[in-house]
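Reading through the structure tokens given below for one structure.
Below, read A as the first sequence line, B as the second, and so on, with proteins coming before strands; counting in each chain starts at 1.
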Protein chains: 2
Amino acid sequence: MPFTTELTRRFGLRHPVLSAPMGAVAGGRLAAAVSRAGGLGLLGPGYHDADWVDAEFAAAAGERVGIGFITWDLERTPARLDAALAHRPAAVMLSFGDARRFVPPIRRAGAALVLQVQTLAAARRAAELEPDLIVAQGTEAGGHGSSRALFPLLPAVVDAVAPIPVLAAGGIADGRGLVAALALGACGALIGTRFYAAEEAIGSDAVKRRLVERGGDDTVRTAIFDIVRKLPWPEPYTGRAVANEFSAHWHDHEAELRRALPEESARYAAAVTNGDLDTTVLWGGEALDLVHDVQPAERILLRIMREAEATRRRLAAPDIS
Amino acid sequence: MPFTTELTRRFGLRHPVLSAPMGAVAGGRLAAAVSRAGGLGLLGPGYHDADWVDAEFAAAAGERVGIGFITWDLERTPARLDAALAHRPAAVMLSFGDARRFVPPIRRAGAALVLQVQTLAAARRAAELEPDLIVAQGTEAGGHGSSRALFPLLPAVVDAVAPIPVLAAGGIADGRGLVAALALGACGALIGTRFYAAEEAIGSDAVKRRLVERGGDDTVRTAIFDIVRKLPWPEPYTGRAVANEFSAHWHDHEAELRRALPEESARYAAAVTNGDLDTTVLWGGEALDLVHDVQPAERILLRIMREAEATRRRLAAPDIS
């Protein structure tokens with residue numbers, strides 16, 4: 001039986017799943033593969049410029065995809081939004097900042113407006129902009145986010161912003177998680193980390209191998225990778241990364257890191273050049289425990305849907321477990 | 001249709017719900033009311049002595065209940081376990097510490113052994129003791145716990161400790177959450193904060209009113225209330241509390257608090273005497289967003305089960321949302 005929700009109806013999807021706009025990871029190949037498999041893929045330009053946006057829409061090769069921006073960073077170079085809108089994205093998702101100024105152009109371009117929030121208070125503010133979708137993101141998510149956990153945040157957001165449909169993000173990597181999100185009132189799931197370990201994601205074999213090897217206990221939510229890269233992330237946002245030597249040394253010692261910035265930033269830049277994963281950041285969510293292999297995105301999505309259908313049947317049976 | 005799981009079968013319950021052993025909150029009246037309504041109530045002695053245990057088993061008036069201890073604190077006065085076992089509890093739950101020395105007496109008394117964990121690594125260690133149940137507790141839980149979020153932790157623990165059944169704890173306060181926990185592979189839910197706002201819970205009207213008024217955004221996971229009370233909680237455990245003036249001042253300033261301890265501990269003790277909620281701790285989980293009233297425990301549990309049944313039907317329908 002298909003999973004029909006407000007999300008699948010609105011976007012004409014076969015499956016209630018969006019792939020997350022992971023910055024510099026979710027390029028056109030990944031987004032297109034997710035859309036082709038029946039979900040909706042989102043491009044993640046991260047801090048990249050309009051040329052990246054053009055190149056990755058080109059890589060999506062005409063498949064219908066969306067795009068997600070870091071709102072405070074988009075304010076610094078808003079031309080990237082125009083570049084994106086010229087490609088007629090199905091949806092534009094904005095996270096981490098004040099989205100108001102970007103609503104009119106997104107509306108004019110006919111793209112769906114998707115706003116991601118991390119607290120109940122932010123969900124209420126986002127609802128005032130009457131978006132097509134609100135994404136409730138839990139602290140378990142890989143990459144940037146905040147401190148509230150998805151399990152209780154999601155139903156609270158659903159109640160507060162009804163009738164705006166709500167998508168669940170953070171910690172979802174299999175069909176059990178998708179059905180749990182639907183149980184909590186979501187219309188679908190935005191999935192990141194699991195699709196980072198997709199063949200089509202931008203990232204080296206070494207990076208994807210590490211994602212498979214590490215688990216949720218090995219992740220840490222921290223500001224240190226933004227501090228050393230001199231990225232002006234505003235409060236309350238931090239990033240969840242796979243712990244490494246750099247985080248073991250500096251996490252919870254942010255003031256010392258700021259004092260050591262000249263040397264540490266240079267050392268970090270060299271590590272980026274060398275592909276040194278013991279120093280550079282590897283974003284990953286707590287759902288890494290559920291990531292056991294690197295697969296094509298289509299296979300990942302179809303496995304999630306098979307598991308979801310089995311979970312749905314299990315919950316409908318007299319003996320649930 | 002009843003919710004039949006390994007939990008309901010093993011304990012002969014009508015509903016797959018345990019009330020959490022909230023320290024000095026979950027007394028005999030609450031535990032008995034939950035058991036009478038078809039779940040299983042657990043007593044929470046917290047730091048109280050064997051006399052408290054005896055008195056609260058007496059208050060349970062013969063209803064079958066269980067009990068939960070803080071493991072590291074039980075090591076300081078292990079006679080409390082003997083006192084508890086003399087009352088033939090249905091289950092003994094141990095959290096926060098090394099449970100090994102307590103397993104033989106619990107087994108000899110014929111009580112079910114329940115071990116609560118907060119990480120995947122701890123779940124694997126707990127499984128070696130072959131408990132009857134493992135509780136996977138998420139960071140969203142009120143009171144003591146740790147940093148991993150329930151949504152991704154729960155299925156990872158289920159996979160790692162199978163065939164030992166796993167109960168979900170943290171962030172669950174309604175029927176949507178119960179069904180989400182079952183979707184993620186749990187055999188039921190351990191519910192705390194929602195039952196703190198039960199008429200039978202130990203706590204003043206002012207405390208319960210504040211629980212109803214505050215939400216998940218207002219909670220903070222912190223060590224400061226343990227520091228000021230000079231309680232030697234080991235790492236990695238902290239407690240989630242409703243934020244107040246004391247936490248606004250001291251959270252993230254633990255070193256300063258330790259230096260100010262003589263005065264602050266005296267001031268805190270006075271605040272306890274005065275019932276000053278702007279200084280003293282009020283444990284509460286992120287699920288406070290879903291707590292809108294103080295009700296008898298039976299009504300709370302039956303409402304959860306009605307919502308769960310509605311959620312189950314919604315998930316089985318062609319159009320889920």
Side-chain angles (χ1 to χ4, degrees), chain A residues 1-7 9 16 119-122 138-140 147-160 165 168 170-174 176-188 215-217 220-221 285-290 311-312 314-316 318-321, chain B residues 1-7 9 16 119-122 138-140 147-160 165 168 170-174 176-188 215-217 220-221 285-290 311-312 314-316 318-321:
Chain A
M1 185 161 58
F3 281 76
T4 305
T5 71
E6 292 179 72
L7 180 72
R9 282 194 299 272
T119 64
L120 182 55
T139 188
E140 47 270 78
S147 59
R148 290 213 51 189
L150 181 64
F151 205 112
L153 176 65
L154 176 55
V157 169
V158 167
D159 290 345
I172 304 171
D174 67 13
R176 295 174 292 187
L178 174 57
V179 175
L182 298 173
L184 292 166
C187 64
D217 286 0
V220 59
R221 181 162 282 290
E286 291 189 52
L288 275 179
D289 289 321
L290 309 171
T311 302
R312 195 186 201 183
R314 180 164 59 76
L315 291 174
D319 282 8
I320 293 172
S321 71
Chain B
M1 186 160 58
F3 282 77
T4 305
T5 71
E6 291 179 74
L7 180 73
R9 282 194 299 272
T119 64
L120 182 56
T139 187
E140 48 270 78
S147 60
R148 289 212 52 189
L150 181 64
F151 205 111
L153 175 65
L154 177 55
V157 169
V158 167
D159 290 345
I172 303 171
D174 67 15
R176 294 174 291 187
L178 174 58
V179 174
L182 298 173
L184 291 166
C187 63
D217 286 359
V220 59
R221 182 163 282 290
E286 291 190 52
L288 275 179
D289 289 321
L290 309 171
T311 302
R312 194 185 202 184
R314 179 164 59 77
L315 291 175
D319 282 9
I320 292 173
S321 70

How many angstroms lie between CG in A:L154 and CG in B:D289, if you round to the nearest 0.5 Å?
11.5 Å

Listed by chain and number, what are the side-chain hydrogen bond (donor to acceptor under 3.5 Å, both in side chains) partners of B:T139, not counting sequence neighbours?
B:R221

Min side-chain heavy-atom separation B:T311-A:L315 under 4.5 Å
no

Checking B:D217 side chain against A:L120 main chain: does a donor-acceptor pair fall under 3.5 Å?
yes

Most contact-rich option vs chain A, by heavy-atom pairs under 4.5 angstrom, among B:S321, B:G171, B:A180, is B:S321

Closest-packed option against chain A by number of heavy-atom pairs under 4.5 Å, given B:G216, B:A287, B:P16:
B:G216

Ranked by heavy-atom pairs below 4.5 Å to chain A, first place among B:G185, B:A168, B:G177 goes to B:G177

Heavy-atom closest contact (B:R314 atom, A:L182 atom, distance):
NH1-O, 2.9 Å

Looking only at heavy atoms, what is the nearest atom pair of A:P152 and B:E286, with distance?
CG-CB, 3.6 Å

Any donor-acceptor N/O pair, A:R312 side chain to B:A316 backbone, under 3.5 Å
no

Select one option (side chain, backbone, both, neither) describing which atoms of B:P155 are under 4.5 Å from chain A's heavy atoms.
both

Option in A:L288, A:V179, A:L184 with maximal non-hydrogen atom pairs under 4.5 Å from chain B
A:L184

Given that the side chain runs from C-beta out, which part of A:L290 has a heavy atom under 4.5 Å from chain B: side chain, backbone, both or neither?
side chain

State the CG-CD distance between B:L150 and A:E140, to the nearest 0.5 angstrom.
8.5 Å

How many angstroms lie between atom OG1 of A:T4 and atom CD1 of B:I320, to the nearest 0.5 angstrom?
7.0 Å

